[in-house]
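Position 1 is the first residue of the sequence, and the numbers go up from there. Since the structure is predicted, the reported quantities are computational estimates derived from the model, not experimental observations.
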Amino acid sequence: MEGTVFTPALEGMKRVKSEEGEMLTKPFLDVCKQILPVIDKFGAAMALVKTDVGGNITRLENKYLSNPAEFENLYSMGKVEVAAKTAKGSSSCTNGLLWLTRAMDFIVELFRNLMEHKDWAMSQVCTEAYTKTLKKFHGWLASSTFTVAMKLAPERNKFMDVVAGKGDISSDIEKFCATFTPLLQENHKFLASLGLDDMKA
């Protein structure tokens with residue numbers, strides 16, 4: 001593989017915004033999809049996250065495909081659902097975007113920890129990222145399931161070898177965190193404008 005596991009996502013991020021600066025649905029979802037192989041490399045520790053992310057991508061993608069012209073901009077789905085008063089429903093696209101964004105926050109935080117704390121074991125890297133991002137939105141059950149799963153995280157050096165491919169993995173991880181964070185913050189801002197950014201599971 002040319003480059004690292006992050007190379008496709010880094011390429012994809014260049015196309016996420018329209019010329020007017022709008023977040024585009026398909027390119028954003030494509031970037032999230034390109035993160036799935038990265039999540040895969042964690043094995044059983046991230047099976048839950050992968051299922052969750054995959055499900056939310058599919059939900060948003062199906063809505064987009066139902067009317068690509070209407071839903072070309074990522075936030076148009078939320079606006080339609082707010083108008084229809086369905087945005088807070090557990091199967092709404094707004095809810096899908098919220099949890100997809102949160103899962104991506106977790107992934108970004110996890111890789112930031114990997115770079116900043118070279119002495120941490122992988123389970124600590126994962127647990128700290130979880131505590132900082134998802135934990136406050138999860139109930140007791142989800143939280144304990146997660147905590148158990150984190151103990152299955154692969155050994156740090158093995159993991160880094162697997163994700164590195166033929167590229168500079170440290171540089172790609174830093175680029176990934178730096179480029180993806182502002183996009184996720186924009187999603188949070190939009191969700192907060194709808195009063196939905198603090199919704200719990």
Side-chain angles (χ1 to χ4, degrees), residues 1 3-10 12-13 29 31-58 90 95-185 187-188 191 197-201:
M1 159 178 90
T4 67
V5 285
F6 287 102
T7 307
L10 289 170
M13 282 186 221
L29 294 177
V31 167
C32 293
K33 268 190 204 164
Q34 282 148 351
I35 311 288
L36 287 174
V38 182
I39 301 174
D40 238 0
K41 305 287 186 230
F42 282 94
M46 293 286 172
L48 270 172
V49 178
K50 190 178 175 215
T51 310
D52 194 46
V53 167
N56 286 321
I57 291 174
T58 304
S90 60
N95 197 39
L97 178 62
L98 176 69
W99 285 101
L100 180 58
T101 302
R102 285 175 178 172
M104 293 297 151
D105 284 339
F106 165 65
I107 305 281
V108 168
E109 193 57 38
L110 191 157
F111 281 103
R112 197 173 279 135
N113 284 346
L114 261 180
M115 290 295 97
E116 289 175 7
H117 303 281
K118 308 279 188 203
D119 54 331
W120 285 8
M122 196 56 141
S123 56
Q124 187 179 0
V125 165
C126 297
T127 305
E128 291 289 334
Y130 176 66
T131 304
K132 199 166 167 186
T133 55
L134 288 168
K135 192 174 182 175
K136 56 182 172 285
F137 303 115
H138 277 168
W140 178 81
L141 187 66
S143 200
S144 24
T145 312
F146 232 96
T147 310
V148 171
M150 293 302 128
K151 293 187 170 65
L152 304 170
E155 204 262 316
R156 185 186 180 116
N157 294 343
K158 271 191 196 145
F159 175 77
M160 292 305 271
D161 288 346
V162 172
V163 292
K166 290 197 177 96
D168 178 346
I169 187 65
S170 297
S171 155
D172 274 9
I173 289 177
E174 279 166 15
K175 268 187 250 166
F176 168 73
C177 294
T179 316
F180 207 26
T181 301
L183 298 174
L184 297 173
Q185 283 168 343
N187 285 356
H188 283 299
L191 290 157
D197 202 34
D198 51 2
M199 230 161 67
K200 289 185 165 50

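Legend: salt bridge (charged side-chain N to carboxylate O under 4.0 Å, His left out) pairs involving residues 149-159, not counting sequence neighbours: none detected.
Rounding to the nearest 0.5 Å places CG of L48 at 11.5 Å from CD1 of I39. The CG atom of D168 lies 7.5 Å from the NZ atom of K175; values are rounded to the nearest 0.5 Å. Atom CZ in F6 sits 11.5 Å away from atom OG in S171 (nearest 0.5 Å). In this structure, CE in M122 is found 4.0 Å from CZ in F42, a value given to the nearest 0.5 Å. Rounded to the nearest 0.5 angstrom, Q124 CD and D119 CG are separated by 7.5 Å. Rounding to the nearest 0.5 angstrom, the gap separating the CG atom in L184 from the OG1 atom in T179 is 11.0 Å.
Between F176 and F180, the two ring planes are tilted [angle within 30° to 60°].
Between V53 and L100 the shortest heavy-atom distance is CG1-CD1, 3.8 Å. Annotation for G54 and T58: closest pair O-OG1, 2.8 Å, computed over non-hydrogen atoms. In terms of heavy-atom proximity, L152 sits nearest to A45 at C-CB, 3.7 Å. The minimum heavy-atom distance linking G12 with Q34 is given by the pair CA-OE1, 4.3 Å. Taking every heavy atom of both residues into account, W99 and H138 meet most closely at CZ3-NE2, 3.7 Å. When all heavy atoms of T101 and N187 are compared, the pair lying nearest together is OG1-ND2, 3.1 Å.
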Please table the atom pairs, donor to acceptor, closer than 3.5 Å between any side-chain atom in residues 141-149 and protein atoms at least two apart or in another chain.
unit_1: S144; atom_1: OG; unit_2: W140; atom_2: O; d: 2.7
unit_1: S144; atom_1: OG; unit_2: L141; atom_2: O; d: 3.2
unit_1: T145; atom_1: OG1; unit_2: L141; atom_2: O; d: 2.7
unit_1: T147; atom_1: OG1; unit_2: S143; atom_2: O; d: 2.7

Pairs of donor and acceptor atoms involving the side chains of residues 104-115, under 3.5 Å and at least two apart or interchain, shall be tabulated with distances.
unit_1: D105; atom_1: OD2; unit_2: H188; atom_2: NE2; d: 2.5
unit_1: E109; atom_1: OE1; unit_2: R112; atom_2: NH1; d: 3.3
unit_1: E109; atom_1: OE2; unit_2: K132; atom_2: NZ; d: 3.3
unit_1: R112; atom_1: NH2; unit_2: T181; atom_2: OG1; d: 2.8
unit_1: N113; atom_1: ND2; unit_2: V125; atom_2: O; d: 3.2

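With a 4.5 Å cut-off on side-chain heavy atoms, P154 and K41 do not count as touching. By the 4.5 Å heavy-atom criterion applied to side chains, V163 and T4 are not counted as neighbours.
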Stepwise, does the side-chain contact (heavy atoms from CB on, under 4.5 Å) test hold for T133 with R102? CA-CA 7 Å; T133 55; R102 285 175 178 172; over 6 Å; no
Passes side-chain contact (heavy atoms from CB on, under 4.5 Å), I57 versus L36? Steps please. CA-CA 10 Å; I57 291 174; L36 287 174; 4.3 Å; yes
Just do the side-chain contact (heavy atoms from CB on, under 4.5 Å) check on K166 and T7 with the steps written out, would you? CA-CA 10 Å; K166 290 197 177 96; T7 307; over 6 Å; no
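Proximity of a side-chain donor or acceptor of D197 to a complementary backbone N or O of L191 within less than 3.5 Å is not detected.
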